[in-house]
Structures are given as structure tokens and as C-alpha cells.
Amino acid sequence: MRTPRNVVASALASLLWTACAAGGPVADLSPGQRPALDTDEAGLWMQMDRIEADLRTSGRVVRDPALNAHVRDIVCRLAPEHCRFVRVYVVQAADFNASMAPNGAMSVWTGLLLRVENDAQLAYLLGHELAHYLRRHSVQRWRAMHASTDAATAFSMVTAVAGVGLVGVAAQLATLDGIFAFSRDQEREADLIGFEMMVDAGYDPRQAAAVWRALIAELEVAEEGAQPIFFASHPAAEERLEALAARADAMPAPQGRASHDRHDAVTEPYRAAWLRDELRQRDFARAQVLLRRLIDRGGDLGDLYYFEGELYRLRGDEGDDAKAADAYEAALETGTAPPETYRSLGLVYWSVGRLDDARLAFEDYLRARPDADDRLMVEAYLQQF
């Protein structure tokens, strides 16, 4: 079986040398519609079907029924007539991203689900992706690329995708998003249609702007050259925030939907794993903004203070040992901290020479987690006291 990297390359290569259908306006996609077999759009769908087959069997797809049902339920509220033709894939990948293939395959990254605060915010984002699908923006973009890109440039694009050593389905999807990036006007149109979808489905329109407000806070501290994927498209985030906020101000907030919000309850079992994925990115400034926002919202502070301590411990800047210890101690005071908090606190105490405190923390860890996978390592630490 070919690797995802080769599948992407062959998909783009075959499309680059396919005769393009005549240009002109493209009608919206009807429910269940598939393109005629003799069109370039059919070729695009065929290749995306092959990529979707790789996605479907990927170990990065989260298969939890409750989580998938949550995302799918919102899709169906937004576009009920298209619901059965859309396949939703929750992909375990840090960072804020979602995408919609022209054949109806929608991918939603866990980094997005971690950052979304409620059903309404998720509805706006899913509506935005559905808008790209319904307006057939991918084929419009493909035809524009085909008309403006010469063969040498097109070939370079394909070999770039094939040669960068992509790892996993998340990288594959991100690369496709970058190559087929939508135009400024298409993004504006998707914002407007997604907003209208969420309003028609009864979600709070003010939450659309709230999504961008939170993302901009992360963008402002992101490391140079590490711009989040979702910001790669135009127009500017600030413009989108202002436009969505103005639209929301012009209408009343709906009543009733917020009382049935399920997002926190459905995603809470995964939050710790998703936060670990974020810390592995080592973009600590962005992770710190995210953690502060989660802490300010409340919820299980034991977990959140623990991960704040992990951030400081892993970053290792001057003064971070003391900050990490304070965060771990705050986690333990909540009574809901994970047992690993004791182990990490012991490591911090060890590093600053508080050996008695380190010994007590390690002992507390082994009492709280007698079957810990790293028990032998921690016991080896204790033998040195």
C-alpha cells in the first residue's frame, strides 16, 4: 500500500495534467450531487476519495462514539439536507484546524475542539467549512490554479509535497489545505454563510467573533515563523473579528440553546491528552495563553494547574522552577490533581536542591499510583536520598 505522502503526490500530479473544464460560474452543490465523470471536478473528487480512504484507516482518527456524534449532530443541525452526505473525522492533532474536502469528507482537529468553548463556537466553525463545500470553493480554486500556474511551477508543487517527509494524516491534510488555500473573497463568503447557518440553527451569533478573539490572543504571542494553520488564509483575523462582531450586534441572542450545551461534557475526558499534545509542540507562549483561558473559564482546575506546571517545567526559563512548583501546589490544593503532579513536583524540588521535599513528593506519587509505569525510575530516585 502506498504511503499517504505518495497518495497526495499522485493525486496532485494526475490533476495537474487533466484537461480543465470550461470556466465560469459554479452552482452550489445539491444534496447528494456528484460531478459528471468526464469533468475535472470528478477527477478531484476521485483523488480526494483515495485520500479519505487513508484517513479512514488512520490511527490518528478518534473513534469515540460520543465525541463523533457531538460533532456530527452540529453538522446536521447546520445543514440537515446535506447531513447524510458528509463524513466527519475527528483527527488527533494539536493546533487549531478543520477542513472540508470537495467530496464531503470533513476533518476536525482535536486542537480545535480543545480551544472551542461551546456548541455555538463549534457550529460557526463547522458552518464555515460546510460553506466551502456547498459553494464548491475547492473546484473553483483548482480551476483558478490550473489557469494561472505553468507546468514547471505545478510540478514543483507536487514534488514539494512528496519530498518533505510528511508524517501522518494530519500533515497530509495540512499540506493539502496550504496548496488549495481559498481566496480572500472565498473566506469572506464562508464566514458569512457559516454565520448565517449558525444563526438559522439557533446558536448564539456572538460566539463567532469570540472564536477569533481567542485565536488572535494566541497569534500575538506565537513564535516567529510558527503561525497557526488556521491563520494562513486571508483576510486578516482582525477584519474577520470585526465583521462578525458587527453582524452579531445587529441581531438579538437566541434563547434556550445554551442551556443544552454539550461541548464541555463531551470533550472533558480528552482534555488532558489534548493538552499533552499541545505541550509537545513546544510553542510555550501560545500554550500559556490557552491554559490561562481554560483556567479563567473554571472547570477541573486540578488538571489545568498541573499542565500549567508542566509548561513551566518543560520550558525551563529563568524562574520557571518556582512557577512550576507554585502551579503544582495549586493543583494539589484543589483535591483533583492527577497523581503525576506529585512526581513532577518532586522533579522540580530535586532540581532546586529541596531534597527532603522531593523525597516526600516522590513517596506521595507512589502511594497515589502504586501501579505507575515509571515506578522503578522513581524508586531509583528515592534510593539516592
Side-chain angles (χ1 to χ4, degrees), residues 60 62 64 67 90-97 109-118 121 170 214-215 217-223 226 228 230 263-352 357-358 361-362 364-366 368-369 372-374 377-378:
R60 304 294 288 182
V62 181
D64 175 65
L67 185 62
V90 177
V91 180
Q92 183 184 348
D95 211 342
F96 189 104
N97 198 37
W109 288 20
T110 53
L112 179 148
L113 295 175
L114 175 63
R115 288 167 169 81
V116 164
E117 296 184 0
N118 49 54
Q121 292 185 9
L215 289 175
E218 288 192 39
L219 179 63
E220 289 174 344
V221 301
E223 294 181 3
F230 202 74
H263 187 76
D264 280 347
V266 173
T267 58
E268 192 278 334
Y270 289 94
R271 188 172 61 179
W274 296 348
L275 284 169
R276 288 190 185 93
D277 288 343
E278 292 293 328
L279 291 181
R280 290 189 188 103
Q281 300 287 94
R282 304 193 72 82
D283 190 344
F284 295 121
R286 279 188 63 204
Q288 189 171 19
V289 169
L290 171 61
L291 275 166
R292 275 289 104 195
R293 183 158 61 88
L294 292 172
I295 289 170
D296 289 343
R297 286 184 59 209
D300 186 354
L301 295 179
D303 254 350
L304 294 174
Y305 283 134
Y306 163 71
F307 280 106
E308 186 176 44
E310 289 292 272
L311 184 153
Y312 292 130
R313 183 176 67 85
L314 294 171
R315 186 174 68 179
D317 288 350
E318 184 177 354
D320 275 351
D321 283 336
K323 293 177 182 178
D326 288 344
Y328 292 137
E329 289 166 357
L332 293 171
E333 288 175 4
T334 68
T336 63
E340 289 76 14
T341 307
Y342 290 113
R343 179 196 59 201
S344 294
L345 185 58
L347 291 172
V348 170
Y349 284 155
W350 182 301
S351 69
V352 298
D357 291 331
F362 287 144
D364 285 339
Y365 171 59
L366 294 181
R369 182 62 62 80
D373 291 340
D374 58 353
M377 181 190 74
V378 175

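Computed over heavy atoms, backbone and side chain alike; hydrogens, waters and symmetry mates excluded.
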- prompt: Got a donor-acceptor contact below 3.5 angstrom from the Arg115 side chain to the Gly111 backbone?
  reply: yes
- prompt: Can you check whether Leu314's main-chain N or O pairs, donor with acceptor, with Arg282's side chain at less than 3.5 Å?
  reply: yes
message: I need the minimum non-hydrogen distance between Ala285 and Val221, along with the two atoms involved.
response: CB-O, 3.4 Å
message: To check you understand the geometry: which heavy-atom pair defines the closest contact between Ala361 and Leu345, and what is its length?
response: CB-C, 4.4 Å
query: Does Tyr365 reach the side chain of Asp374, with side-chain heavy atoms less than 4.5 Å apart?
result: yes
message: For Arg313, is there an ion pair with Glu310 - N to carboxylate O distance below 4.0 angstrom?
response: yes
task: Give the minimum heavy-atom separation between Arg369 and Glu340, together with the two atoms involved.
output: NH1-OE2, 2.7 Å
Side chain to side chain, Leu114 and Tyr270, heavy atoms closer than 4.5 Å: no
query: Under a 4.0 Å N-O cut-off, is there an ion pair linking Lys323 with Glu308?
result: no
- prompt: In chain order, what residues pass the salt bridge (charged side-chain N to carboxylate O under 4.0 Å, His left out) check against Asp64, with sequence neighbours excluded?
  reply: none
task: May I ask you to check whether over 12 heavy atoms, not counting those of Asp296, lie within 6.0 Å of atom CG?
output: yes
query: Got a salt bridge between Glu278 and Arg286, using NZ or NE/NH1/NH2 to carboxylate O under 4.0 Å?
result: no
task: Tell me yes or no: between the side chains of Asp95 and Gln281, is some donor less than 3.5 Å from an acceptor?
output: no
task: Kindly give the heavy-atom pair with the smallest separation between Gln92 and Thr110, and that separation in Å.
output: CA-OG1, 3.5 Å
field: Test log, rule side chain to side chain contact (heavy atoms under 4.5 Å, CB included), inputs Val289 and Glu220
entry: CA-CA 10 Å; Val289 169; Glu220 289 174 344; over 6 Å; no
query: If you look at every heavy atom in Tyr306 and Thr341, which pair is closest and at what distance?
result: CD1-OG1, 3.3 Å
task: Determine yes or no for a side-chain-to-main-chain donor-acceptor pair under 3.5 angstrom, with Arg297 supplying the side chain and Glu117 the backbone.
output: yes
- prompt: Any luck finding a side-chain donor-acceptor pair between Glu329 and Tyr305 under 3.5 Å?
  reply: no
- prompt: Can you check whether Leu291 reaches Leu304 side chain to side chain, under 4.5 Å on heavy atoms?
  reply: yes
- prompt: Do His263 and Leu113 have side-chain heavy atoms sitting under 4.5 Å apart?
  reply: yes
Minimum heavy-atom distance Leu67-Val266, with the two atoms named: CA-CG1, 3.6 Å
